[in-house]
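Hydrogens, waters and symmetry mates are skipped; everything else that's a heavy atom, side chains included, is used.
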Amino acid sequence: MSIVEILTALSGLSGLGGLAAFIGTLANMKKTKEIKADTQQLQSNHGSSIADAIRRIEDSVRSVGHQVGEVRTDLADERRDRRAWDESLSDRVQRLEGRRR
């Protein structure tokens with residue numbers, strides 16, 4: 001927009017009241033553009049948006065949770081096997097000690 005067009009628009013807006021309205025409109029247009037840019041980040045765009053980043057984080061957390069579950073299962077199996085081995089050794093030691101007496 002050129003200066004002449006702006007001055008012509010201002011004269012058509014009835015002076016200072018029109019100028020204030022014009023400035024208010026410009027401020028609202030700027031704020032609307034900022035809001036639109038911010039909300040676009042919240043919508044999926046197949047890669048770089050906040051929504052896509054959150055989806056990737058959720059997938060990673062889900063994967064880590066699954067891996068933790070597998071580790072817990074493996075650890076429980078190891079503990080069970082260790083207890084069985086300890087009981088077996090304890091039984092063998094007690095039998096050997098019983099032979100000595």
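Atom CG of Asp91 sits about 6.0 Å away from atom CD of Gln94, to the nearest 0.5 Å. Separation of atoms CD1 (Ile35) and NZ (Lys33) is listed at 13.0 Å; rounding is to 0.5 Å.
For Asp59, the salt bridge (Lys or Arg N to Asp or Glu O under 4.0 Å) partners two or more places apart in sequence, or in a different chain, are Arg62.
Side-chain atoms of Thr73 come within 3.5 Å of backbone atoms of Gly69 as a donor-acceptor pair (strictly under, hydrogens ignored). Without hydrogens or angle criteria, Asn45 side chain to Ser48 main chain gives a donor-acceptor distance under 3.5 Å.
A donor atom on one side chain and an acceptor atom on the other are found under 3.5 Å apart for Ser49 and Asp52.
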For the pair Glu34 and Lys30, evaluate salt bridge (charged side-chain N to carboxylate O under 4.0 Å, His left out) and give the outcome as yes or no after the intermediate values. CA-CA 6 Å; Glu34 290 172 358; Lys30 181 179 183 225; 3.6 Å; yes
May I have the step-by-step check of salt bridge (charged side-chain N to carboxylate O under 4.0 Å, His left out) for Asp86 and Arg83, ending in yes or no? CA-CA 5 Å; Asp86 288 348; Arg83 277 190 217 109; over 6 Å; no
